[in-house]
Amino acid sequence: MGRMSLVLDPGSAGLYRLMALSASRSSQEMAIGAGLLKRALALQPSWVDARLALAGAWFALNDFEAVERELHQREGGETGEGTMLRGRALLALERFDEADAFFEMAVRLEPDRWPSINIVRQTMDRSLFRA
């Protein structure tokens with residue numbers, strides 16, 4: 001159905017995002033969902049929700065450098081959700097000090113995130129990441 005709709009309106013960023021969300025429900029199709037979200041953002045670059053969804057797809061695919069690239073100095077990266085996701089990606093990349101700075105920023109942007117961020121920060125035992 002979505003592909004037929006794109007034939008009628010190939011410039012609809014919303015249709016690409018809906019198709020991406022559908023594809024992303026299956027872990028095997030997460031990469032397809034990421035590609036569809038990239039198309040949506042090509043049509044509508046300032047769409048924060050699509051940017052965050054794409055960063056989330058990269059995170060699910062364990063491509064933490066792509067999360068960092070996607071949110072670095074882009075719209076959506078300065079939201080509480082974006083800074084939290086970026087902090088988690090930096091943590092996975094073992095860039096602990098940068099991760100902690102983004103967790104602090106996320107709390108400043110959205111104080112209600114403090115409990116979940118505090119849990120992440122308490123588990124940031126660097127020895128866990130070393131072989």
Side-chain angles (χ1 to χ4, degrees):
M1 182 72 165
R3 292 184 193 277
M4 290 175 57
S5 298
L6 284 174
V7 169
L8 296 173
D9 186 7
S12 174
L15 284 173
Y16 283 111
R17 183 178 177 280
L18 286 174
M19 289 173 54
L21 292 176
S22 178
S24 297
R25 288 194 174 135
S26 164
S27 60
Q28 291 99 2
E29 295 185 15
M30 187 67 70
I32 293 169
L36 291 166
L37 286 164
K38 285 172 64 174
R39 284 181 153 177
L41 285 166
L43 293 167
Q44 198 171 336
S46 63
W47 193 359
V48 173
D49 189 41
R51 182 150 327 277
L52 291 172
L54 178 56
W58 291 136
F59 193 89
L61 290 166
N62 295 323
D63 191 344
F64 306 115
E65 290 177 2
V67 174
E68 171 66 0
R69 278 192 312 273
E70 195 59 46
L71 294 177
H72 182 72
Q73 296 181 346
R74 299 228 178 142
E75 290 185 54
E78 65 282 344
T79 64
E81 183 178 348
T83 54
M84 178 68 173
L85 185 58
R86 194 166 173 197
R88 290 176 61 208
L90 290 165
L91 181 61
L93 291 169
E94 298 184 26
R95 292 164 55 184
F96 302 107
D97 292 335
E98 290 174 84
D100 198 41
F102 276 94
F103 293 143
E104 286 180 21
M105 188 184 322
V107 170
R108 281 195 306 273
L109 290 168
E110 295 181 22
D112 291 345
R113 288 185 177 274
W114 181 84
S116 59
I117 291 171
N118 193 40
I119 291 169
V120 171
R121 291 174 92 186
Q122 288 179 6
T123 61
M124 283 177 54
D125 182 354
R126 295 168 192 211
S127 65
L128 297 174
F129 292 92
R130 295 195 172 86

Quick one: closest heavy-atom pair of [X] and [Y], and the distance?
X   : Y    : answer
G87 : A99  : O-CB, 3.4 Å
A40 : W47  : CB-CZ3, 4.4 Å
G80 : L109 : N-CD1, 4.0 Å
W58 : A66  : CG-CB, 3.5 Å
L71 : G82  : CD1-O, 3.3 Å

Look at the side chain of R51 and the backbone N and O of P45, then say whether any donor-acceptor pair between them is shorter than 3.5 Å. yes

Measuring from [X]:[atom1] to [Y]:[atom2], what's the distance to the nearest 0.5 Å?
X    : Y    : atom1 : atom2 : answer
L93  : R86  : CG    : CZ    : 11.0 Å
L52  : T79  : CG    : OG1   : 4.5 Å
M30  : L37  : CE    : CG    : 9.5 Å
F102 : I117 : CZ    : CD1   : 12.5 Å
L90  : L85  : CG    : CG    : 9.5 Å

Flag the pair [X] / [Y] as yes when at least one side-chain heavy-atom distance between them is below 4.5 Å, and no otherwise.
X    : Y   : value
L41  : E70 : yes
D100 : L91 : no
F103 : M84 : yes

Can you list everything that forms a salt bridge (Lys or Arg N to Asp or Glu O under 4.0 Å) with R113? Sequence neighbours excluded, please. E110

Residues two or more places apart in sequence or in another chain: which of them pass salt bridge (Lys or Arg N to Asp or Glu O under 4.0 Å) with E98? R95

Not counting sequence neighbours, which residues clear side-chain hydrogen bond (donor to acceptor under 3.5 Å, both in side chains) with E104? List them please. R121

